[in-house]
Amino acid sequence: MAAAPKAVPRTVPPVRPRLEAWLWIFMRVSGVLLIPLAFGHLAIMHIINNVHDINACFVYQRWNVLFWWRVYDALLLFLAYVHGLNGLRYVIDDYVHSAGWKRALKGIAFVGGAAVIAIGAVALIGGVRVTALPAGCP
């Protein structure tokens with residue numbers, strides 16, 4: 001009588017599932033946070049203020065009155081962009097079947113996303129130069 005073959009335990013890398021769970025949670029939390037941030041942005045920029053009045057002077061006054069506005073804009077930038085990049089990562093995982101193409105596309109998305117967030121952070125930290133303001137701006 002032949003012996004039954006031994007079952008080899010399946011090995012699963014421990015880091016990847018934990019990362020996927022955290023990214024899944026991030027998508028839900030950032031989606032919930034983005035709803036009031038995005039609607040607040042639309043209300044401030046398009047309903048309360050006329051879009052034709054928004055210029056460098058408007059941004060200068062808004063950002064220099066309260067530091068909170070820069071935090072608000074930074075949070076909106078970071079959450080929206082990382083939420084979108086994480087969604088793009090899900091799309092790449094679903095529709096790109098070659099491991100090499102997956103790695104390349106995710107790398108391009110990561111580098112591009114990091115560049116856009118860095119440029120946005122520099123703009124938020126640097127603010128509006130006083131010398132660039134139009135005439136008549138207080």
Side-chain angles (χ1 to χ4, degrees):
M1 184 165 177
K6 285 179 114 178
V8 177
R10 193 175 124 196
T11 59
V12 178
V15 176
R16 189 73 178 162
R18 185 176 300 158
L19 176 65
E20 287 296 325
W22 281 110
L23 290 173
W24 184 86
I25 291 169
F26 171 79
M27 286 295 277
R28 274 54 187 179
V29 171
S30 66
V32 168
L33 291 175
L34 278 170
I35 292 170
L37 285 172
F39 281 121
H41 173 79
L42 288 173
I44 292 165
M45 294 299 200
H46 300 284
I47 297 173
I48 297 171
N49 297 300
N50 187 355
V51 293
H52 301 292
D53 296 333
I54 297 174
N55 58 12
C57 187
F58 174 83
V59 175
Y60 177 77
Q61 289 174 348
R62 192 176 122 212
W63 280 358
N64 286 330
V65 170
L66 290 174
F67 183 72
W68 162 248
W69 286 116
R70 288 189 191 207
V71 173
Y72 182 91
D73 288 343
L75 195 60
L76 183 61
L77 168 74
F78 178 77
L79 284 176
Y81 211 78
V82 174
H83 183 91
L85 283 175
N86 198 20
L88 178 62
R89 189 184 63 82
Y90 287 145
V91 170
I92 291 170
D93 278 341
D94 286 345
Y95 292 107
V96 178
H97 301 293
S98 168
W101 276 106
K102 276 186 187 182
R103 179 172 284 130
L105 290 174
K106 287 180 184 179
I108 291 169
F110 178 78
V111 169
V116 168
I117 288 176
I119 291 168
V122 166
L124 286 168
I125 292 168
V128 178
R129 289 184 302 184
V130 178
T131 58
L133 293 176
C137 186

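All residue numbers refer to positions in the sequence shown, counting from 1.
Distance check, rounded to the nearest 0.5 Å: NZ of K106 to CZ of R89 gives 5.5 Å. Atom CG of N55 and atom CD of Q61 lie 8.5 Å apart (nearest 0.5 Å). Here L34 contributes atom CG and L75 contributes atom CG; the two are 8.0 Å apart, rounded to the nearest 0.5 Å. To the nearest 0.5 Å, the span separating NE2 on H83 from CG on L23 amounts to 12.0 Å. For the atom pair CG of L33 and CZ of F26, the computed distance is 9.0 Å after rounding to the nearest 0.5 Å.
Linking Ile, Leu, Val, Met, Phe, Trp and Tyr whenever their side-chain heavy atoms come within less than 4.5 Å leaves V111 and L77 in two separate clusters. Hydrophobic cluster membership differs between I117 and I119, with clusters built from Ile, Leu, Val, Met, Phe, Trp and Tyr side chains linked at under 4.5 angstrom. Hydrophobic clustering (ILVMFWY, side-chain heavy atoms < 4.5 Å, transitive): L85 and L19 are in one cluster. V122 and Y81 sit in two unconnected hydrophobic clusters of ILVMFWY residues. Membership requires side-chain heavy atoms under 4.5 Å apart, directly or through other members. When the side chains of ILVMFWY residues are joined at heavy-atom separations under 4.5 Å, either directly or via intervening members, L37 and V71 end up in a single hydrophobic cluster.
For F58, the CZ atom counts as densely surrounded, since its 6.0 Å shell holds more than 12 non-hydrogen atoms of other residues, nucleotides or ligands.
Taking every heavy atom of both residues into account, A109 and L88 meet most closely at CB-CD2, 3.8 Å. Summarising the geometry of S30 relative to L79, their closest heavy-atom pair is CB-CD2, 3.9 Å, with the distance given to 0.1 Å. G126 and R70 get closest at one heavy-atom pair: C-NH1, 4.4 Å. Considering every non-hydrogen atom in both V96 and K102, the closest pair reads O-CE, 2.5 Å.
Sorted by first then second residue, the salt bridge (Lys or Arg N to Asp or Glu O under 4.0 Å) pairs that include residues 43-66, not counting sequence neighbours, are R62-D73.
Although no hydrogens or angles enter the test, the distance criterion places no donor-acceptor pair under 3.5 Å between the side chain of N86 and the main chain of V82. Side chain of Y72 to main chain of H41: a donor-acceptor pair is present (N/O by atom type, distance under 3.5 Å, no hydrogens or angles). At distances below 3.5 Å, not a single donor-acceptor pair connects side-chain atoms of Y95 with backbone N or O atoms of Y90.
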**Message:** Using side-chain contact (heavy atoms from CB on, under 4.5 Å), reason through W63 and L124 one step at a time and then give a plain yes or no.
**Reply:** CA-CA 9 Å; W63 280 358; L124 286 168; 3.4 Å; yes

I'd like a table of donor-acceptor pairs (distance under 3.5 Å, sequence neighbours excluded) in which one partner is a side-chain atom from residues 43-51, with atom names and distances.
residue : atom : partner : partner atom : Å
N49     : ND2  : I44     : O            : 2.8
N50     : OD1  : H52     : N            : 3.3

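Cluster note: I35 groups with F39, L42 through ILVMFWY side-chain heavy atoms spaced under 4.5 Å, whether in direct contact or through intervening members.
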